[in-house]
Amino acid sequence: MDDQSKQDYRSFLARRRAELLERIGQAAHRAGREPSDIQLVAVSKTVGNDEVALAHEVGYSAFGENRPQELKRKAAAVRENPDLADVRFHMIGNLQTNKVNQVLGNAVLVHSLSSVHLAQAISRRSLALGSVTPCLMEVNVVGEETKKGFSPDEARAVLEEIASLDGICLKGLMAMAPARDAAAARRAFSGLRELRDELRERSGLEFAELSCGMSGDFEIAVEEGSTLVRLGRIVFDPTYDDV
Ligand SMILES: *Cc1c(COP(=O)(O)O)cnc(C)c1O
């Protein structure tokens with residue numbers, strides 16, 4: 001990017017960020033929640049290092065990536081730049097056990113824990129590194145065949161087993177809602193919250209986090225209790241049409 005387009009893009013990012021924080025704040029207030037309880041994770045999977053640096057300049061520090069290799073690559077680039085010292089990456093996409101190495105040490109939170117097998121791999125690898133990896137269990141709340149994650153019943157069944165693994169710290173749940181269906185999204189998010197409350201009660205874990213809400217449904221997610229909204233297109237794409 002040349003200097004002029006950087007400047008233009010930075011202004012867009014700053015304007016958009018202010019709008020998003022305003023909308024998140026209003027949704028929080030509608031639900032009697034504190035805006036500070038919701039973290040905006042900027043999903044940077046479609047943009048490069050320059051865009052991440054510009055987004056950081058306008059105030060973002062949490063970024064989401066869905067591919068292990070790309071997450072590792074971006075995290076390495078960030079480490080080279082002292083100005084980006086407070087940038088943190090979240091792993092939000094499908095993670096295969098043979099890719100765990102690329103993510104551990106590079107992500108502050110794995111949103112997409114979707115099998116016991118993966119949990120065991122993360123546990124083993126974290127122990128080898130002498131670290132503990134914060135994770136969310138991904139739940140397929142609407143029962144869509146194509147979506148990854150535990151069914152609610154599986155989540156109930158494996159919670160204790162995963163929670164007992166050393167090297168993993170379970171922080172809550174993550175889900176995706178059907179696209180372009182506000183009523184279905186609301187049902188999915190409220191179902192996720194109820195499941196979180198139930199599992200929290202049963203396990204005695206703090207289990208505070210609910211990762212839900214994307215560009216098309218984040219206000220509904222915040223109204224239903226989301227603590228981590230994962231916003232991609234609406235953060236980075238000036239052509240994304242919201243209405
Ligand atoms: C891409 C992606 C997002 C962001 O989606 P947008 O609709 O662009 O906001 C959120 N979560 C996951 C898991 C993703 O893969």
Side-chain angles (χ1 to χ4, degrees), residues 9 12-13 15-17 19-24 27 38-48 51-52 54-55 58 60-75 88-96 99-100 102-103 106-115 118 122 134-142 144-150 155 171-182 184-186 188-189 192 209-243:
Y9 193 56
F12 158 74
L13 289 172
R15 232 179 314 124
R16 181 52 61 81
R17 181 165 189 271
E19 289 165 15
L20 291 172
L21 293 180
E22 172 69 22
R23 288 172 60 178
I24 289 169
I38 297 121
Q39 191 183 2
L40 199 177
V41 178
V43 176
S44 48
K45 66 188 181 192
T46 61
V47 300
E51 286 85 352
V52 168
L54 290 171
V58 308
Y60 292 102
S61 56
F63 294 90
E65 288 287 331
N66 69 337
R67 295 217 162 85
Q69 197 167 355
E70 176 69 6
L71 185 148
K72 184 182 173 189
R73 207 178 59 73
K74 282 204 178 86
R88 299 288 179 269
F89 287 97
H90 293 236
M91 177 60 194
I92 63 170
N94 182 26
L95 180 55
Q96 290 170 330
K99 302 281 172 63
V100 164
Q102 299 182 333
V103 169
N106 291 318
V108 287
L109 182 64
V110 174
H111 292 230
S112 41
L113 187 60
S114 56
S115 73
L118 175 61
I122 294 176
C135 295
L136 308 178
M137 290 168 73
E138 181 171 355
V139 179
N140 182 352
V141 264
V142 283
E144 274 182 278
E145 289 287 328
T146 52
K147 290 227 157 64
K148 301 275 298 177
F150 298 100
K171 296 289 191 186
L173 301 179
M174 178 271 218
M176 295 206 253
R180 289 177 294 279
D181 182 343
R186 190 175 296 282
F189 299 148
L192 187 73
E209 305 295 344
L210 272 186
S211 169
C212 59
M214 313 196 338
S215 292
D217 55 23
F218 67 97
E219 285 156 306
I220 300 172
V222 169
E223 288 170 9
E224 295 299 333
S226 175
T227 64
L228 291 153
V229 291
R230 311 179 309 268
L231 305 185
R233 291 167 298 163
I234 203 166
V235 167
F236 287 106
D237 180 359
T239 69
Y240 177 74
D241 194 355
D242 192 19
V243 278

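Each ligand, and each atom within it, is numbered from 1 in the order the structure gives. Just so it is clear, the model here is predicted, and its values are computed rather than measured.
Residues passing the salt bridge (Lys or Arg N to Asp or Glu O under 4.0 Å) test with E19, sequence neighbours excluded: R16. Judged as a salt bridge (Lys or Arg N to Asp or Glu O under 4.0 Å), and not counting sequence neighbours, the contacts of R186 are E223, E224. Legend: residues meeting salt bridge (Lys or Arg N to Asp or Glu O under 4.0 Å) with K72, ordered by chain and number and at least two apart, are absent.
The OG1 atom of T46 sits 8.5 Å away from the CD atom of E65 when rounded to the nearest 0.5 Å. Distance CZ/F218 to CZ/F189: 11.5 Å, rounded to 0.5 Å.
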Can you pull every nitrogen or oxygen pair between ligand 1 and the protein closer than 3.5 angstrom?
{"unit_1": "ligand 1", "atom_1": "7 (O)", "unit_2": "R233", "atom_2": "NE", "d": "3.2"}
{"unit_1": "ligand 1", "atom_1": "7 (O)", "unit_2": "R233", "atom_2": "NH2", "d": "2.8"}
{"unit_1": "ligand 1", "atom_1": "8 (O)", "unit_2": "R233", "atom_2": "N", "d": "2.8"}
{"unit_1": "ligand 1", "atom_1": "8 (O)", "unit_2": "R233", "atom_2": "NE", "d": "3.1"}
{"unit_1": "ligand 1", "atom_1": "9 (O)", "unit_2": "S215", "atom_2": "N", "d": "2.9"}
{"unit_1": "ligand 1", "atom_1": "9 (O)", "unit_2": "S215", "atom_2": "OG", "d": "2.5"}
{"unit_1": "ligand 1", "atom_1": "9 (O)", "unit_2": "G232", "atom_2": "N", "d": "2.8"}
{"unit_1": "ligand 1", "atom_1": "11 (N)", "unit_2": "R230", "atom_2": "NE", "d": "2.9"}
{"unit_1": "ligand 1", "atom_1": "11 (N)", "unit_2": "R230", "atom_2": "NH2", "d": "3.4"}
{"unit_1": "ligand 1", "atom_1": "15 (O)", "unit_2": "K45", "atom_2": "NZ", "d": "2.8"}

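Between the side chains of T227 and E209, at least one donor N or O lies within less than 3.5 Å of an accepting N or O.
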